[in-house]
Structures are given as structure tokens and as C-alpha cells.
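Inspection log for the structure reproduced underneath, given as C-alpha cells.
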Amino acid sequence: MTPETENAFAAIRSDHGAESLSRVERMLEPGGGGARHPLQKGARWILPGLSPTPWHDPRAHPELLPVVEALESAHPVVKEEMKSAWTVRRDAFSDYEHYLTRQNDWQALHLYRGRAMTEEAAATVPTAYKVLKESAVDTEKICPLLESHFSTLLPGAFIAPHCDLWNFSINLHLAVDIPDGCSLTVAGETRTWEEGRCLLFDYSFEHEARNDSDRPRTCLLVDLWHPETTVPERRALDVLISEIRRMMGES
């Protein structure tokens, strides 16, 4: 760790106790804090002590329930605004750039990115913008290291199996516009989206998605802090990953 990271960790321990970052410290040890599930081996960091559960019940975590309920309640309006944006504001969408690849058959309209709401989205999809800001951003449930975006898979698109970088955030999907023939597989278990409802999964596990239909599939994706992480851990992880990115010259 750099001196800046060490100083930040010391301040967090001063605020929250000497043992408050023990799991983060174990994660940084050789071996990454212990054994991990075979289907998490592609992840860069695994915070020990988090439930190794690929699929989560979106309503099982009290901290996340208000986000789930707010998004699902807003679904009818969110869908109409999204359809309008796809028709008349296609220039607001871009090829999705994953840390592993870039796909032109996977389109994204960002609502939150670079630690801030995307102001262009306020005019393009105002209801989703407002609900996301009030339920996830203002409440600090969103992971500021990551993002929220409308994810549109074009007909025939396939997202190859991969693990994301870590397990200390969790991926929430609001199913916005779901044709038949679409699927999401996490840790070998395949499910389908139910339009207007949320799915929640740990994307440190290997996962893939496909659209075998004849029209686009759209979900609203939100990267949230894993509900089993603590406030001091979130502070430390934010500092740690931000410093690593700075050292690597990443934005």
C-alpha cells in the first residue's frame, strides 16, 4: 500500500476501531484472504467473510430493499422514457466498454459514472435519473467505484462468460424491456428476467448473458455496495481501489 492508503486506513481505524479493516487487510495478503469458490477464480479481489452466494433475493437485504422497490415502482415510466430515448436519442448510447472488452452489440446509456450522475441522462431519462439519485446515490448505497447504466443487448448479442473484478459490490438489474429468448447465467445457473422486476447477483462469480430474440433487451444496471460490507470497509475499499487506479493511470 502507498503512504496515502496507509494514512487513510489509519484514520478509518481511529474512527471505527482497530479491527474494523481486518477483512480488507486479509484480502490484501498473499493468497487473497483464503480459499474462494472455483467460479470466482477469475476475480481480482475477494473480500473474505462475504456469503459466497451467486444469486441473491433482491428483497432479502433491508439496506437494498428501498432501491429495489423504488425502481420497480417506476418501471412503467422508466420503460417509456427508455424506448423514447432509444428511438430519438440514439446518439446518447455508446458501445459498452467492459474492463475486458468493448462490444458494439452491447449498448449503454450511463446514468452514473465517474463518481457522479451523468447530467445528460437527466433530460433523456428523467424518471430513472431521479429514482437512482434519490434511492441509491444520495443514500450512498451505490458503489462510487463503479456505475449505473441502461444495458441494451442487440438481437443475437452474447456476453461471454467472465468474472468481474471483486465481490464487495453487487449487481442489481431492473428488467426494463425483455423479449422472449433472453437469459442470464451466473455460476452455471440460468435465469430469465421478469419485466418490471429486479434480479440481484454477485458478479465476482462467472456469468454470461445472451439475447436470442429478434429485438433489443434492456435492463437498468446498478452497482451497489455488497450489503454484508461495513461502512469502514467501504471507505477503505474506495480509497484502495482509487489509489490503485491512480497508480495505473486509470480514470
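No hydrogens, no waters, no symmetry mates; every other heavy atom, side chains included, goes into these values. None of these values were measured; they are calculated from a predicted model.
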The salt bridge (Lys or Arg N to Asp or Glu O under 4.0 Å) partners of Asp177 (sequence neighbours excluded) come to Lys79, Arg215
Side-chain heavy atoms nearer than 4.5 Å, only ILVMFWY residues, links allowed to pass through others: does that put Ile178 and Leu154 together?
no
The complete set of ring pair (Phe, Tyr, Trp, His ring centres under 6.0 Å) pairs with one or both residues in residues 115-149, sequence neighbours excluded, reads Tyr96-His149, His110-His149
Taken in chain and number order and not counting sequence neighbours, the residues that satisfy ring pair (Phe, Tyr, Trp, His ring centres under 6.0 Å) with Phe205 are His37
Can a side-chain donor-acceptor contact be found between Asp164 and His207 if the only test is distance below 3.5 angstrom? yes
For residues 216-236, the ring pair (Phe, Tyr, Trp, His ring centres under 6.0 Å) pairs (sequence neighbours left out) are His56-His226
With sequence neighbours left out, the residues meeting side chain to side chain donor-acceptor pair (under 3.5 Å) with Ser169 are Trp166, Tyr203
Sorted by chain and number, sequence neighbours left out, side-chain contact (heavy atoms from CB on, under 4.5 Å) with Gln107 holds for Trp86, Phe93, Asp95, Thr152
**Message:** If only side-chain N and O atoms count, and only distance matters, is there a donor-acceptor pair under 3.5 Å linking Gln40 with Ser204?
**Reply:** yes
Side chain to side chain donor-acceptor pair (under 3.5 Å) pairs touching residues 131-142, sequence neighbours excluded, are Lys130-Glu134, Lys133-Asp138
Across all chains, not counting sequence neighbours, the salt bridge (Lys or Arg N to Asp or Glu O under 4.0 Å) partners of Glu189 are Arg191
With sequence neighbours left out, the residues meeting side chain to side chain donor-acceptor pair (under 3.5 Å) with Thr229 are Arg234
Taken in chain and number order and not counting sequence neighbours, the residues that satisfy ring pair (Phe, Tyr, Trp, His ring centres under 6.0 Å) with Trp45 are none
Across all chains, not counting sequence neighbours, the salt bridge (Lys or Arg N to Asp or Glu O under 4.0 Å) partners of Asp57 are none
Taken in chain and number order and not counting sequence neighbours, the residues that satisfy salt bridge (Lys or Arg N to Asp or Glu O under 4.0 Å) with Arg89 are Asp91, Glu120
